[in-house]
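All values below were derived from every heavy atom in this structure, side-chain atoms included, with hydrogens, water molecules and symmetry-related copies excluded.
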Amino acid sequence: MAGTQAEGEFAIAATPIDNPDAAYLAATTKLDFSDLPDGTSVETLSDDVLFVTFSEPLVKFTVPDNWATWSSPPFSEDPTPAVLYSTANTLTIDISRPVSIFGFELEPSPFAEIEFTADFYRGDSLVESITRVVDGDAGARLFAREDSAINRVVITGGSDFAIAQIRYQSAPIDATLTAAIVALIIVIVALILL
């Protein structure tokens, strides 16, 4: 939802994705950690394209073996996912390269309705915030957004929590940056050949 606009300010259009529908799943790549043994401490996840780093080690659990509940479709991808548990009520996720879509499912540890906010950043600039009240009793919800590129997410809430189904889509490479890199390579090659 778009924020209110004061005189002289500009409004940022919100682009949240409410549920993991077919379009979201098709447009994104999942950072899969389901093969890790339960109880594994996780500080980084990666694939061939990017890696994400967590501000604190998370612990891998599986629903329902050692994490009690999760929501079911259409609110989640799967009612029994592998999850990463945070003992704190805040977590920063640093992303190695800009992404135009980023999302994860989240559920609090207590069986209660608790408010969580995910702030999506590009560098130090806040791009968008998503706030949702999430039920810890089979109420996991998606925190995802698309559009302008981001490279960091800060999650804050009223309790410890778990996240699952971390998904992304890489941001397109900036044409100006590409042209500058090509020009730099040409200059370097020319200097070497002189």
Side-chain angles (χ1 to χ4, degrees), residues 17 20 24-25 28-73 75-99 101-124 126 129-145 149-171:
I17 302 167
Y24 168 74
L25 297 178
T28 57
T29 300
K30 181 166 69 171
L31 290 173
D32 189 11
F33 54 90
S34 60
D35 288 345
L36 295 173
D38 283 359
T40 299
S41 180
V42 178
E43 295 181 37
T44 302
L45 291 176
S46 64
D47 62 12
D48 294 336
V49 177
L50 71 96
F51 62 89
V52 297
T53 304
F54 305 109
S55 58
E56 68 168 78
L58 305 178
V59 180
K60 190 263 186 174
F61 292 136
T62 304
V63 177
D65 297 341
N66 36 36
W67 187 267
T69 67
W70 208 252
S71 60
S72 295
F75 304 109
S76 68
E77 286 182 48
D78 180 347
T80 57
V83 304
L84 294 174
Y85 170 62
S86 170
T87 59
N89 65 349
T90 186
L91 177 71
T92 298
I93 303 171
D94 287 305
I95 307 164
S96 64
R97 60 180 287 182
V99 292
I101 300 176
F102 192 80
F104 53 89
E105 297 172 12
L106 179 148
E107 186 176 275
S109 178
F111 283 0
E113 292 185 350
I114 299 174
E115 184 175 276
F116 285 87
T117 298
D119 291 322
F120 296 83
Y121 290 88
R122 174 74 185 255
D124 292 329
L126 178 63
S129 291
I130 298 173
T131 299
R132 299 186 85 166
V133 175
V134 186
D135 191 340
D137 186 7
R141 289 296 182 264
L142 181 65
F143 287 76
R145 50 106 36 223
I150 59 107
N151 61 359
R152 182 167 49 101
V153 181
V154 178
I155 304 166
T156 54
S159 75
D160 52 339
F161 60 92
I163 60 174
Q165 314 294 14
I166 302 166
R167 290 184 163 275
Y168 73 92
Q169 179 186 78
S170 295

Working to the nearest 0.5 Å, report the span between [atom1] of [X] and [atom2] of [Y].
X      : Y      : atom1 : atom2 : answer
Asp38  : Asn66  : CG    : CG    : 4.0 Å
Ile95  : Ile150 : CD1   : CD1   : 3.5 Å
Thr44  : Phe54  : OG1   : CZ    : 7.5 Å
Ile155 : Thr90  : CD1   : OG1   : 8.0 Å

Least distance between heavy atoms, [X] atom then [Y] atom:
X      : Y      : answer
Ser159 : Ser109 : OG-N, 4.2 Å
Ala162 : Trp70  : O-CH2, 3.7 Å
Ser34  : Lys60  : O-NZ, 3.4 Å
Ala118 : Val153 : CB-CG1, 4.2 Å
Gly123 : Asn151 : N-OD1, 3.0 Å
Glu105 : Glu77  : OE2-N, 2.9 Å

For Glu107 and Thr69, which I'm curious about, is there any donor-acceptor pair between the side chains at under 3.5 Å?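 Glu107 vs Thr69: donor-acceptor pair found between side chains.
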Is there any salt bridge (charged side-chain N to carboxylate O under 4.0 Å, His left out) pair reaching into residues 113-124, and which pairs are they, with sequence neighbours excluded?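 Those involving residues 113-124 are Asp124-Arg152.
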Quick one: salt bridge (charged side-chain N to carboxylate O under 4.0 Å, His left out) pairs with a partner in residues 86-97, sequence neighbours left out?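 Of all non-adjacent pairs touching residues 86-97, none passes salt bridge (charged side-chain N to carboxylate O under 4.0 Å, His left out).
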I want to check a possible cation-pi pair here: Arg145 against Phe102, using under 6.0 Å from ring centre and within 45° of the ring axis as the test.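 No; the conditions do not both hold, so Arg145 does not lie above the ring face of Phe102.
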Whether the side chain of Arg132 engages the backbone of Leu142 through a donor-acceptor N/O pair (distance < 3.5 Å, no angle test) should be reported.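 Yes; at least one donor-acceptor contact below 3.5 Å.
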With a 3.5 Å distance limit and no angle check, can you tell me whether Ser72 reaches the backbone of Pro79 through a side-chain donor-acceptor pair?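 No, the answer is negative, given that no donor and acceptor are paired below the 3.5 Å cut-off.
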Student check: side-chain heavy atoms of [X] and [Y] closer than 4.5 Å:
X      : Y      : value
Arg167 : Leu25  : yes
Leu91  : Glu56  : yes
Leu31  : Ser46  : no
Phe143 : Val134 : yes
Ile166 : Leu84  : yes
Thr40  : Phe33  : no
Pro20  : Gln165 : no
Asp47  : Tyr168 : yes

Partner set under ring-ring contact (aromatic ring centres under 6.0 Å, His included) for Phe161, not counting sequence neighbours: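 ring-ring contact (aromatic ring centres under 6.0 Å, His included) check on Phe161 returns Phe116.
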Tell me if the CZ atom of Phe111 is crowded by more than 12 foreign heavy atoms within 6.0 Å.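 Yes - once you tally the heavy atoms of other residues, nucleotides and ligands closer than 6.0 Å, there are more than 12.
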